[in-house]
Trainee: 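To start, I am sharing the structure in question, which I have written as structure tokens.
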Amino acid sequence: MIPYKHEPFTDFSIEKNRTDYLEGLKTVEAYLGQDYPLIIGGERITTEDKIVSFNPSNKEELIGNVSKSSKELAEKAMQAADEAFKTWKKVKPEVRADVLMRAAAIVRRRKHEFSALLTKEAGKPWNEADADTAEAIDFMEYYARQMLRLKDGMPVESRPGEDNRYDYIPLGVGVVISPWNFAFAIMAGTTVAAMVAGNTVLLKPASTTPVVAYKFIEVLEEAGMPPGVVNYIPGPGSEVGDYLVDHANTRFISFTGSKEVGLRIAERSAKVNEGQVWMKRLIAEMGGKNTMVVDKEADLELAAQSIVKSAFGFSGQKCSAGSRAVIVEDVYDTVLERVIELTKELTIGDPTDQSNYMGPVIDGNSYNKIMSYIEIGKEEGRLVAGGDGDDSKGFFVNPTVFADLDPQARIMQEEIFGPVVGLMKAKDFDHAIEIANNTEYGLTGGVITNNRENLEKAREDFHVGNLYFNRGCTGAIVGYQSFGGFNMSGTDSKAGGPDYIGLHMQAKTTSEMY
Ligand SMILES: NC(=O)c1ccc[n+]([C@@H]2O[C@H](COP(=O)([O-])OP(=O)(O)OC[C@H]3O[C@@H](n4cnc5c(N)ncnc54)[C@H](O)[C@@H]3O)[C@@H](O)[C@H]2O)c1
């Protein structure tokens, strides 16, 4: 089956972009600052306690006041999801897939609105926001198609007098915990993968981007999702997250976020609580410390462009961001000089102004964390671009480049999740791959080379889940480049790939004598 490919725009002009954006913005501005309830079993529940979602570009503009779940409400949602599972698991896979297809059509119709909302709530530049929405659509359609492929199970041999079958059945109630950086695509993708497989879901979105998640649940409802199949329960990870991860009725957890939280969830999910009669399955997509490798036989302009784009797209707030570059010493100075030039050309400011390449970082905590890593970097390496920020109006960090770093430097080992890249020098290509692999993560990597032998060597030895040649290391496409990492980057789960739906199901063997 050919996976759906998102239709390319026919008009790439700035004018068309601007018209689309303004159209989306007009719709979003009509609902800015509203109150949003929880959605449990289809019922709207408003709480006194709120999550305040605001625009990180100006700290002032209110995106929405979102009701905050408590443990008691999480328990209510668990009961609703348990109840809904009894009927949803029996709904034909074709019908479940159809809900996703219809939801995708609704989002496509409202694409500019969703993208504009992401520029406001997540501070995403328009092009990145547009890609986030497109990816959400792709996930829905791809997973719907994958479910249709799995609906009749897998062929197995039968024997005379014995008919054998291998069928996939859903797991039960799952907890989906999503991050803010792909506030739409990852939140929607992980949710629909779980539900199309016949499970019911407790969705705990990130507290910085809860409004886009609410809007998405409305879309699912409009597309025909029955009450209780996906329950919307934003709230603090430490309270609601822990409660649901520990819960005896939770059958699986689909988590995307940091290594620290992922490990905490892994530990807690391994505990068998009273009344629990299964081991919880964990699907975890975690952080990255991704490297661009530049060979001496390479297009050096492409190398510099790829390093800059991978490091600073969405202000480096991508798990796939290239926060390290290893350059073979023969070409190190040339590439470094060009990286500095390109970095200094980048524009930064409010992402609603489309001439800005970079917007703000997500919030004050993130701003402070990045700035403290920049201070560490000043001790560890040579600051050659940026190194400062301004949080007086919004949370803006200038694109920052450090040179001459030691591979063991903290800023070369720890995920910063901001617009900071460090350059390291390697003796030769083999040494460069060795440095690139010197990390606890293993998510993405890029290699710029014109040497076929080295390219094949990297294909074999560069230990990352997503490896790219002669391009940057961000921007995987659903169905074409399934996404997920090794080591501390997660559980090798490959979102947007052919095995992903299967992770949300269990295989049942039946044998019938005749
Ligand atoms: N590998 C991937 O596909 C991928 C994709 C996007 C982001 N990420 C990673 O996500 C991180 C950035 O996102 P973030 O800042 O939202 O991450 P985070 O780990 O702080 O939060 C992720 C989610 O976990 C929740 N959470 C926090 N504590 C919890 C707990 N004790 N129990 C349950 N849930 C809890 C948060 O509220 C949020 O919804 C980065 O490390 C990035 O690399 C990975």
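These numbers come from the heavy atoms of this one structure, side chains and all, not from hydrogens, waters or symmetry mates. First listed ligand is number 1; within each ligand, the first listed atom is number 1.
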Trainee: Under 3.5 Å between any N/O of Lys259 and any N/O of ligand 1: does that happen in this structure?
Mentor: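 No.
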Trainee: Between Tyr357 and Phe312 (judged by ring centroids, cut-off 6.0 Å), do the two rings come close enough to count as a pair?
Mentor: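 Ring-ring flag for Tyr357/Phe312: false, centres at least 6.0 Å apart.
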Trainee: Compute the minimum heavy-atom distance from Trp180 to ligand 1 and say whether it is under 4.0 Å.
Mentor: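 Contact present.
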Trainee: Using the test side chain to side chain donor-acceptor pair (under 3.5 Å), find all partners of Ser69 that sit at least two apart in sequence or belong to another chain.
Mentor: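 For Ser69 there are no side chain to side chain donor-acceptor pair (under 3.5 Å) partners, ignoring immediate neighbours.
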Trainee: If you measure from each heavy atom of Pro205 to ligand 1, is any distance below 4.0 Å?
Mentor: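 True for this residue.
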Trainee: So which heavy atom in the protein is nearest atom 17 (O) of ligand 1, and how far is it from that ligand atom?
Mentor: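 The closest one turns out to be Ser258 N, 3.5 Å.
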Trainee: What part of Met286, side chain, backbone, both or neither, has a heavy atom within less than 4.0 angstrom of ligand 1?
Mentor: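 The answer is the backbone.
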Trainee: Which bit of Ser178 is near ligand 1, meaning a heavy atom under 4.0 Å away: side chain, backbone, both or neither?
Mentor: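 The backbone, only.
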Trainee: Report the nearest protein non-hydrogen atom to atom 30 (C) of ligand 1: residue, atom name, distance rounded to 0.1 Å.
Mentor: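 Here the nearest protein heavy atom works out to Gly237 O, 3.2 Å.
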Trainee: Where's the contact between Ile177 and ligand 1, heavy-atom distance under 4.0 Å: side chain, backbone, both or neither?
Mentor: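 Just the side chain.
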Trainee: Answer with side chain, backbone, both or neither: which part of Gln317 has a heavy atom less than 4.0 angstrom from an atom of ligand 1?
Mentor: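 It is neither part, as no heavy atom is under 4.0 Å.
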Trainee: Measure up the Tyr243 and His247 rings against each other and bin them: parallel (under 30°), tilted (30 to 60°), perpendicular (over 60°).
Mentor: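 Judged by the thresholds at 30° and 60°, the geometry between Tyr243 and His247 is perpendicular.
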Trainee: Establish, for the pair Lys124 and Phe182, whether the NZ or CZ atom is under 6.0 angstrom from the six-membered ring centre and no further than 45 degrees off its axis.
Mentor: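 Yes, Lys124 and Phe182 form such a contact.
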Trainee: For ligand 1, which part of Asn181 has a heavy atom less than 4.0 Å away: the side chain, the backbone, both, or neither?
Mentor: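 Contact part for Asn181 vs ligand 1: side chain (C-beta onward).
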Trainee: For His463 and Phe486, take the angle between the two ring planes, folded into 0 to 90°, and tell me which bin it lands in: parallel under 30, tilted 30 to 60, perpendicular over 60.
Mentor: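 Tilted: the ring planes of His463 and Phe486 meet at 30° to 60°.
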Trainee: Mind telling me whether Trp126 and His112 have parallel, tilted or perpendicular rings, with 30° and 60° as the class edges?
Mentor: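 Aromatic pair His112/Trp126 classed tilted.
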Trainee: Is there side-chain contact between Lys204 and Ile177, with heavy atoms separated by less than 4.5 Å?
Mentor: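 Heavy-atom side-chain distance check passes, below 4.5 Å.
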Trainee: Measure the shortest side-chain to side-chain distance between Glu75 and Lys71 over non-hydrogen atoms and say whether it is less than 4.5 angstrom.
Mentor: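 A side-chain contact under 4.5 Å is absent here.
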Trainee: Do any non-hydrogen protein atoms sit less than 4.0 Å from atom 24 (O) of ligand 1?
Mentor: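 At least one protein heavy atom is under 4.0 Å away.
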Trainee: Tell me the contacting part of Ser207 for ligand 1: side chain, backbone, both, or neither, using a 4.0 Å heavy-atom threshold, strictly below.
Mentor: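 For Ser207, no heavy atom sits under 4.0 Å from ligand 1.
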Trainee: Checking contacts here: is it the side chain or the backbone of Phe483 that comes within 4.0 Å of ligand 1, counting heavy atoms only? Could be both or neither.
Mentor: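 It is the side chain that touches ligand 1; the backbone stays farther off.
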Trainee: Got a sec, which residues hit side-chain contact (heavy atoms from CB on, under 4.5 Å) with Glu415, two or more places apart in sequence or on another chain?
Mentor: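 Expected list: Phe417, Tyr441.
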